[in-house]
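Quick notes on the structure that follows.
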Amino acid sequence: MAATSQSALSGLARALVQHGRLSEADALSCATEAGTGKGSSNGFLLELAQRKLISTRDVARFAAETFGYPLFDIGALDKSFIPADAVDRKLCAKHHVVPLGKRQNRVLVAIADPSNMRVLDEIRFQTGLQIDLVVAEADKLAKLAEGLNESAADSIKELTGDDFDMDLLDQEGGTAEPTADDAASEVDDAPVVRFIQKVLIDAINEGASDIHFEPYEKYYRIRVRTDGVLREVAQPPLVLREKIAARIKVISRLDISEKRVPQDGRMKLVLSKNKAIDFRVSTLPTLHGEKIVMRILDPSSAMLGVDALGYEPDQKKALLDAIDRPYGMILVTGPTGSGKTVSLYTCLNILNKAGVNISTAEDPAEINLPGINQVNVNDKAGLSFSSALRAFLRQDPDVIMVGEIRDLETAEISVKAAQTGHLVLSTLHTNDAPTTLERLKNMGVAPFNIASSVILITAQRLARRLCTCKQPVDIPIEVLLQAGFDEADLDGSWQPYGPAGCERCKGSGYKGRVGIYQVMPISEEIAHIIMTNGNSMDIAEQAHREGVRDLRQSGLLKVKQGVTSLEEVLASTNE
């Protein structure tokens, strides 16, 4: 009979009885009161403590010794270091467990009853990871685990400060109020509003660049792009897709009744009295609803300075010398998402002084900078890049920034502006610096005008930066030589590193991104090649003779410095 009674107890409760730390009657009484049976045993442990039969501290020590797991003081844990996506927060609150760390395919979990296989199996199934355990006190675990599952509104209040209410603003700077129909259901949609705000806050805290809201036939997912890599963060119920889309369109001042054509808008998220983040919003009708992509535009990224972007000392000097010139054209080139906008705004921020008149034409203006006259082009209204440039030239500008040179007319006006005493900055979509000059020539710009106006071209890519947890890796010499290293580089004076994975980088091994640049000043020799109709290969050879590193060489230099991995360089500078 005793054996039958004890078999009704959980593993930890049975061990307490067998080791004489608790009577069988008390154990059964507490288990019945807690309603745990063979399920979650935290209620049982808390019931023991409430009846003062045995403290949670003594139970934790006993469990650690009996089952052979480390004892962990959960009270000393900094909550901000708990990995956000290691274990589902509802699961943590339900079973009173707390994830402490995640690395590669393993997660470290604090639990009060390490014998509870049901809970461990549920965590293993939900995460797909192997579990390492530490033992902690049940009452402290319960308090912390339930706190992890706090409401979205409480999370936002904690992040933004108790003395300031976060607000979503439209692109005109006023509070984005919903329409009459939307306002009528505002109470019902409050959870959706809080959910969207929580998604935005989490994306900003992660340093994400984009948020994707994607409807499909049988599910709805939300992904964020962090360090250039898309990652799924949530799958809200499919029935919420219309409400989520409508709410985002309302705060972005878009037409919520129009679902057949793409729309573009803006909004602002005020985090504190001194901190606000802009969002560029784009909607796209798909088979199963509207896909919405929000580009996160942080004005502080333009204030980082040249040093934070990853330019080498000689590249930085060449760029600063170019923007210090009174006139001429500086071109930044690279594919979409290569950081061209941040590079241009960094240059504009350096030039932005009280005695300088700066005007920009963009499609659209992404980062708002006080002191700079920014214009959004609007082709439907007749405000194109070329018409904006003509207007700029009648307003006594010192510096002009053109978002992108797309056609011959814009290119010719930009060239003439650079030749007549203005500093012009712009972008082109080409693979490297030498091909940019050939692209201008193919657009129809006369070689003489190119040679006499362009003073510097910067081609760039973005590679993920290794986290501080990076580890040395052994790479065969043949692979290094094939990647582009010279034999002289392989002298043993440096060590290549690769990703490892820690809490800071959430197991990816990478944290943040660094620019890889080809900075090519236009010398007299290169100008001569342009005017004699030389091609991009001739220009590249001359630039190499002048010491200009191409993108691959600049990337390999970052590998030698331990800033990024060889895999990242090969992927971002594919030749």
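Looking only at side-chain heavy atoms (C-beta outward), Arg247 and Val193 come within less than 4.5 Å of each other. No side-chain heavy atom of Arg225 sits less than 4.5 Å from a side-chain heavy atom of Arg231. Inter-residue side-chain proximity for Pro262 and Ser282 is flagged as unmet; no heavy-atom pair is nearer than 4.5 Å. By the 4.5 Å heavy-atom criterion applied to side chains, Pro496 and Ser565 are not counted as neighbours. Between Tyr220 and Leu240, every side-chain heavy-atom pair lies at or beyond the 4.5 Å cut-off.
Residues meeting the side-chain contact (heavy atoms from CB on, under 4.5 Å) test with Leu287, sequence neighbours left out: none. Every residue two or more places apart in sequence or in another chain that forms a ring-ring contact (aromatic ring centres under 6.0 Å, His included) with Tyr219 is listed here: Tyr216. When the side-chain contact (heavy atoms from CB on, under 4.5 Å) test is applied to Lys470, the partners found at least two apart in sequence or on another chain are Leu466, Tyr497. Shown here are the ring-ring contact (aromatic ring centres under 6.0 Å, His included) partners of His19, two or more places apart in sequence or in another chain: Phe62. Checked against side-chain hydrogen bond (donor to acceptor under 3.5 Å, both in side chains), Gln495 has no partners two or more places apart in sequence or in another chain.
Listed by first and then second residue, the side chain to side chain donor-acceptor pair (under 3.5 Å) pairs involving residues 283-292 are Glu214-Lys291, Lys249-Glu290 (not counting sequence neighbours).
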**OP:** Would you sort out whether Arg552 and Thr573 count as a side-chain hydrogen bond (donor to acceptor under 3.5 Å, both in side chains), showing the intermediate values?
**Re:** CA-CA 6 Å; Arg552 174 59 63 84; Thr573 62; 2.9 Å; yes

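Pairing each heavy atom of Gln460 with each of Pro335, the nearest pair is O-CD, 4.1 Å. In plain terms, the two heavy atoms of Ser257 and Asp255 that are nearest each other are OG-OD1, 2.6 Å.
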